[in-house]
Number of protein chains: 2
Amino acid sequence: MTLHLNPELRLPLFEQIERYWIYRIAAGDPAPGERIPSVRDMAQQVLVHPNTIVNAYGCLERSGIILPRRGIGMEVTAEAPRICKEKRESLLGERVRELFSEAEQAGMDRAEVVRLVRDIMNQIGGK
Amino acid sequence: MTLHLNPELRLPLFEQIERYWIYRIAAGDPAPGERIPSVRDMAQQVLVHPNTIVNAYGCLERSGIILPRRGIGMEVTAEAPRICKEKRESLLGERVRELFSEAEQAGMDRAEVVRLVRDIMNQIGGK
DNA sequence: CCTAGTGTGCTAGAATGCTAGGACACGGAG
DNA sequence: CTCCGTGTCCTAGCATTCTAGCACACTAGG
């Protein structure tokens, strides 16, 4: 799983970074007690200003996903996996609901939405 | 079909207004030769600053969907229905592609995405 | 003790989107 | 002709997001 920042996207960079760690922690890769890259390291990896990382990490901290330890780094909390899985459900569900909302405004039937999803899924790749 | 502006959404207000007319014209309601509300009328209907409407209408004009007529109003062009239908396809397709992109980053299989879409569709309403 | 690496805080600027209010030019109706 | 509604343009301010650079406090390791 790689973080592919896209400035053209609607999502602010710091939220893209936040989601990246939510999805990774939900998948179990940085486990509780382990640490995510430091603010400066992450900024250099993603070629973004450190303040943007601070913003993203701040959101993760306020959600109880990471615990800042001065002089050490950002530690994944014990409750992080549960919180991240909940957030993953919520985020993707919201995306789908937005899709239905937009499709409804466009006068598209719900069955048509499902068909459109299948079409594009097949169009994207054989896998 | 009603325009329900949502400032909390990622989409800027002027783009929400632009899409509203794209979808309506694609559906054929304001037919070629007919006019859409004036900048000031639309602003008052939607409770938004006239400049925001100017921005939205400017996009529609640059796409060849409407033709500004000073002292008269904004006229729907002859090619508008075709252009709007194309844009509708493109906009919804992009929405679905973004969904798959986000789901892939979250480590979700494509079949799971289809299942999620069905679940939420059933969850939204019986219709 | 000292250094390096860490999180945190601060001010400042650029770009975007929205609001606010004013001004002007055009065209139909009277 | 005048008047009103129309599109168009202008400056200004505010909030958000990102960039930029600097300073400080804390901790581990030598």
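Throughout, protein chains are lettered first and strands after them, A, B, ... in sequence-line order, and every chain is numbered starting at 1. All of these numbers come straight from a predicted model, not from anything done at the bench.
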Among the nucleotides dG7(C), dC18(C), dT17(D), which one has an atom lying closest to any side-chain atom of Arg40(A)?
-> dG7(C)
Comparing Phe14(A) with Arg69(A), nearest DNA chain D nucleotide closer to 5' gives the residue Phe14(A)
Arg70(B) atom CZ is separated from dT8(D) atom C1', nearest whole Å, by 5 Å
Measure the spacing between CD1 of Ile25(A) and CD1 of Ile36(A) and express it to the nearest 0.5 Å.
-> 6.0 Å
Side-chain N or O of Ser38(A) closer than 4.0 Å to phosphate OP1/OP2 of dG5(C) | no
Given atom CD1 of Ile53(A) and atom P of dA20(D), what is their separation to the nearest angstrom?
-> 13 Å
Residues pairing under salt bridge (charged side-chain N to carboxylate O under 4.0 Å, His left out) where one sits in residues 62-74 of chain A, two or more places apart or in two chains, turn out to be Arg69(A)-Glu75(A)
Are Ile124(B) and Leu92(A) grouped together when hydrophobic residues (ILVMFWY) are joined by side-chain heavy atoms under 4.5 angstrom apart?
-> yes
In whole angstroms, the gap separating P of dG5(D) from CD of Gln44(B) amounts to 12 Å
Comparing nearest nucleotides in DNA chain C, the 5'-proximal residue of the pair Met74(A), Asn51(A) is Met74(A)
Side-chain contact check for His49(A): nearest option of dT8(C), dA23(C), dG21(D) is dG21(D)
Looking across every strand, which nucleic acid part, if any, lies under 4.0 Å from Tyr57(A) by heavy atom: base, sugar-phosphate, or nothing?
-> nothing
So does Arg10(A) have more than 12 non-hydrogen atoms from other groups sitting under 6.0 Å from CZ?
-> yes
Between dT8(D) (P) and Asn55(B) (CG): distance, integer Å = 12 Å
Under 6.0 Å from the CZ atom of Arg97(B), do we count more than 12 heavy atoms belonging to anything else shown?
-> yes
Could you check how far CG of Asn6(B) sits from P of dC18(C), rounded to whole Å?
-> 12 Å
Pair listing, side-chain hydrogen bond (donor to acceptor under 3.5 Å, both in side chains) test, anchored in residues 29-45 of chain B, at least two apart = Arg24(B)-Asp29(B)
Hphob cluster co-occupancy, Leu11(B) + Val54(B), side-chain heavy atoms under 4.5 angstrom = no
In degrees, rounded to 10°, what is the bend between the two ends of the helix from dC1(C)-dG30(D) to dG30(C)-dC1(D), using five pairs at each?
-> 0°
Ranking dC18(C), dA28(D), dG7(D) by distance to the side chain of Ile72(A), first place goes to dA28(D)
Is a side-chain N or O of Gln105(A) found less than 3.5 angstrom from the main chain of Tyr23(B), in a donor-acceptor match?
-> no
Pairwise 5' ranking along DNA chain D for Leu47(A) and Gly71(A), keeping only the more 5' one = Leu47(A)
Thr52(A) vs dT19(D): side-chain N/O to OP1/OP2 distance below 4.0 Å = yes
note: Arg35(A), atom CZ; dA28(D), atom C1'; distance rounded to Å ~ 10 Å
Interatomic distance, Leu67(A) CG vs dG7(C) P [rounded to whole Å] = 12 Å
Can you figure out which of dT19(C), dT6(D), dG17(C) approaches the side chain of Asp41(B) most closely?
-> dT6(D)
Whole angstrom is fine here: how far is it from CD in Glu75(A) over to P in dG5(C)?
-> 21 Å
Val48(A) has its side chain closest, among dG7(C), dT19(D), dG7(D), to dT19(D)
